[in-house]
2 protein chains.
Amino acid sequence: MEKEQRWFQEKHFIEDVGLLLEQSGLPRMAGRILGLLLICNPPHQSPSELAETLHASKGSISTMTRLLIEMGLIERIAVPERRRDYFRIKPGAWSQIIMFEVSEVATGRQLAERGLALVENQPPELQERLKEAHDLYVFLEREYPLLIGRWEKEREKNAGKKKK
Amino acid sequence: MEKEQRWFQEKHFIEDVGLLLEQSGLPRMAGRILGLLLICNPPHQSPSELAETLHASKGSISTMTRLLIEMGLIERIAVPERRRDYFRIKPGAWSQIIMFEVSEVATGRQLAERGLALVENQPPELQERLKEAHDLYVFLEREYPLLIGRWEKEREKNAGKKKK
DNA sequence: TAGTAAGTTCAGTCAATACTGAACTTTTCT
DNA sequence: AGAAAAGTTCAGTATTGACTGAACTTACTA
């Protein structure tokens, strides 16, 4: 049956989004929820729909949706006729995910500075190890947000013209 | 005593490098080794020195140094007079760490493409969710390496003039 | 307004995996 | 060459944190 084949692919996709975002520190189930919300139709799902589709407990759905909302990756929406809440991917979620990397870079820069203080009495060529790291963090802390800004601007510009 | 104070700071620095790199998927102990190799004097350390300083078993030092070498973050060096091997931070280690992020971006792009195939029959506004993610990954896959390249070039240029 | 469905919270379980320690191999020193 | 020191491998332990399930709260419906 055609439909089962399709669902098999979707299951795989959802699982792989879970794995990918696990690399970025999200719990597996949070990534699965995002994966499902990326491809579902309609694009909004209730907690119980999520629980059933993902074969997960209501408990973990509740915990993980709260986390995703705090992180700004999904949002609650009200659906006319139904009173209970639905979730959907928040527009801009993906730049948000990338922005978390930026704050990690900032942490790295601060840490490198603490390190530099510790080696300040060593000969300059020994300080080089840490200077390299520090230098890169400083560079990225400045340039990374600019890069994302450039993307957002380009994207906005293209929003006007309907593609294809 | 002045020296104990210093060692306290160093311990903390090492531990925090461990925590930072854990975010990027390295085992804690691997990050600690890098942390120590960033600030130690001399800049090269033998496995047994590492084990003693970090209060770790010889076993985990052996496993983790092998991992770090495979990842291109540290290297073996021969020290005159001593036959056994020493380790030190490999120059360029930090751009290497960043490069691992790039390959994660590539994974994300591929995954987004699989997702797009799954929603190709949905109305265009529903495809938007995935297009945003895909678009960003494509952008970063192109621009991120260019950014690192720019940094490396700038750094090379500055290598000539001794600073301060 | 009572009854049911949906959602939240949290204590306890389970699974993944980093790390230890012991047996073994390789290197170094006398 | 023999003894000791250093390094590797791997089976087993310990720790961490995600997930479940049950008790509870809130929202909906007849």
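Numbers restart at 1 for each chain; the letters A, B, ... are given by sequence-line order, proteins then strands.
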Salt-bridge contact B:E15-B:K11 (side-chain N to carboxylate O under 4.0 Å)
no
The correct set of residues in residues 43-54 of chain B placing a heavy atom under 4.0 Å from DNA chain C is none
Ordered by number, residues from residues 21-37 of chain A within less than 4.0 Å of DNA chain C (heavy atoms) are none
Does B:Q122 reach the side chain of A:P42, with side-chain heavy atoms less than 4.5 Å apart?
no
Nucleotide D:dG7, atom P - distance to CD1 of B:I61 in whole Å:
10 Å
Listed partners of B:R66 passing side-chain hydrogen bond (donor to acceptor under 3.5 Å, both in side chains), at least two apart
none
To the nearest 0.5 Å, tell me how far B:Y86 OH sits from B:H44 NE2.
7.5 Å
Rounded to whole angstroms, how far apart are OH on B:Y86 and P on C:dT28?
11 Å
Minimum side-chain heavy-atom gap A:V119-B:F13 below 4.5 Å:
no
Among pairs that include at least one residue of residues 45-63 of chain A, which meet salt bridge (charged side-chain N to carboxylate O under 4.0 Å, His left out), considering only residues two or more places apart or in two chains?
none
Could you give the NE2-to-P distance, from B:H55 to C:dC19, as a whole number of Å?
15 Å
Between A:I148 and A:S95, which heavy-atom pair has the shortest distance, and what is it?
CG2-CB, 4.2 Å
Quick check on D:dT20: is either OP1 or OP2 less than 4.0 Å from any side-chain nitrogen or oxygen of A:S60?
yes
Let me know the distance between CZ of A:R76 and C1' of D:dA27, rounded to the nearest Å.
13 Å
Taking atom P of C:dT27 as reference, at what distance in whole Å does atom NZ of B:K58 sit?
15 Å
Are any non-hydrogen side-chain atoms of A:S46 and A:D85 less than 4.5 angstrom apart?
no
List in chain and number order the residues that pass ring-ring contact (aromatic ring centres under 6.0 Å, His included) with B:Y144, two or more places apart in sequence or in another chain; answer none if no residue qualifies.
A:Y144
Mind telling me whether B:W151 and A:F139 have parallel, tilted or perpendicular rings, with 30° and 60° as the class edges?
tilted
Within residues 62-72 of chain A, find the residues that approach DNA chain C with a heavy atom at under 4.0 Å, and present them sorted by residue number.
A:S62, A:R66
Any carboxylate oxygen within less than 4.0 angstrom of a Lys/Arg side-chain nitrogen, looking at A:R155 and B:E128?
yes
